[in-house]
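Worksheet: one structure, shown below.
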Amino acid sequence: MPFARIPRSAKFPSMPAPSHWLVKQEPGKYSWEQFLRDKATVWDGVRNYQARNNLRAMEKGDAVLFYRSVVEPAVVGLCRVTREAYADPSAAEGDWSAVDLAPVETFPQAVALSAVKTVKALSQIALLRQSRLSVMPLSALEFKTLLKLGGLPR
DNA sequence: GCCAACGTTGGC
DNA sequence: GCCAACGTTGGC
């Protein structure tokens, strides 16, 4: 049974639609390099309600930054939503969702977590404030700041 | 390997 | 509904 999509207006009543996100993954589970080789992937396996709700708020074409956790933690690349949330094929039970993502570009310079911590424009970023959340929205400023630090000025 | 943060589970 | 126990995440 399809879930009800969470409209952005309901989730972020006072803010413009967020179209920027960040997803986290351990390289031992799924690396950016593998993602580049695959050219597309199913972002499944999320088992946290807040992260799931963020997946459900993604829209096709949204920009997503890829954060590598655990091993040399850093934001390493830019990708994009190619399919909006659908039932997670990896979930045997429960109400979980997946989206499809495709890589766009590797950051010429990975943005280390230690660097993120020193930047004033990133002081409120969910990555720092909710360290265990694996799918999170980014403000337009946070997104722009990370792109610039990564060597992809727009 | 350690440990803090935090989400989930289950007893009451 | 509370809260202790437990499991997981993830930085260091």
Side-chain angles (χ1 to χ4, degrees), chain A residues 1-8 10-13 15 18 20-38 40-58 62-81 84-139 141-152:
Chain A
M1 185 176 299
F3 56 84
R5 239 181 135 269
I6 298 170
R8 284 180 173 167
K11 192 161 167 43
F12 305 97
M15 294 169 70
H20 310 102
W21 308 91
L22 181 145
V23 297
K24 238 194 246 188
Q25 189 54 279
E26 301 181 30
K29 294 189 176 163
Y30 191 71
S31 69
W32 173 256
E33 291 72 21
Q34 185 61 49
F35 188 23
L36 286 177
R37 286 191 289 272
D38 292 344
T41 198
V42 177
W43 207 261
D44 61 6
V46 169
R47 297 293 182 270
N48 167 282
Y49 292 112
Q50 197 180 349
R52 180 203 67 182
N53 291 345
N54 288 332
L55 286 179
R56 289 181 180 182
M58 289 182 179
D62 281 358
V64 182
L65 297 182
F66 188 109
Y67 175 80
R68 175 183 64 213
S69 65
V70 180
V71 182
E72 296 180 65
V75 183
V76 296
L78 171 66
C79 53
R80 204 163 284 290
V81 177
E84 293 177 7
Y86 55 97
D88 184 336
S90 75
E93 58 178 40
D95 185 18
W96 302 110
S97 295
V99 297
D100 289 355
L101 300 177
V104 174
E105 206 167 349
T106 302
F107 276 10
Q109 188 162 324
V111 183
L113 178 63
S114 58
V116 171
K117 288 178 178 173
T118 67
V119 179
K120 196 167 183 185
L122 300 176
S123 63
Q124 300 301 307
I125 195 170
L127 185 66
L128 300 180
R129 297 176 76 85
Q130 282 178 269
S131 64
R132 294 183 56 190
L133 185 62
S134 67
V135 182
M136 65 193 78
L138 296 175
S139 72
L141 175 63
E142 289 162 351
F143 176 73
K144 187 178 151 188
T145 302
L146 284 168
L147 268 197
K148 192 170 183 181
L149 290 169
L152 292 180

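Lettering follows sequence order; numbering is per chain, from 1.
- For an aromatic pair to be called close, the ring centres must be under 6.0 Å apart, and A:W96 with A:Y49 satisfies this.
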Side-chain donor-acceptor pairs of residues 103-114 of chain A under 3.5 Å, sequence neighbours excluded:
unit_1 : atom_1 : unit_2 : atom_2 : d
A:E105 : OE1    : A:R154 : NH2    : 3.4
A:T106 : OG1    : A:W32  : NE1    : 2.9

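- Listed by chain and number, the residues in a salt bridge (Lys or Arg N to Asp or Glu O under 4.0 Å) with A:D88 are A:R47 (sequence neighbours excluded).
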Review point. How does protein contact run along nucleotides 1-6 of chain C, one letter per nucleotide 5' to 3', with B for base contact, S for sugar-phosphate only, - for none, heavy atoms under 4.0 Å?
Key: ------
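- Among residues two or more places apart in sequence or in another chain, the side chain to side chain contact (heavy atoms under 4.5 Å, CB included) test is passed with A:S31 by A:P27, A:E33, A:Q34.
- When all heavy atoms of A:R52 and A:V46 are compared, the closest pair comes out as N-CG1, 3.8 Å.
- A:D38 places no side-chain N or O within donor-acceptor distance of the main-chain N or O of A:T41, the cut-off being under 3.5 Å.
- Applying the salt bridge (Lys or Arg N to Asp or Glu O under 4.0 Å) test to A:K29 and every residue at least two apart in sequence or in another chain returns A:E26.
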Might you list the N or O atoms of the protein lying below 3.5 Å from N or O atoms in nucleotides 8-12 of chain C, with each pair's distance?
unit_1 : atom_1 : unit_2 : atom_2 : d
C:dT8  : O2     : A:R132 : NH2    : 2.9
C:dG10 : OP1    : A:K24  : NZ     : 3.1
C:dG11 : OP1    : A:Y67  : OH     : 2.7
C:dG11 : OP2    : A:V70  : N      : 2.8
C:dC12 : OP1    : A:K117 : NZ     : 2.2

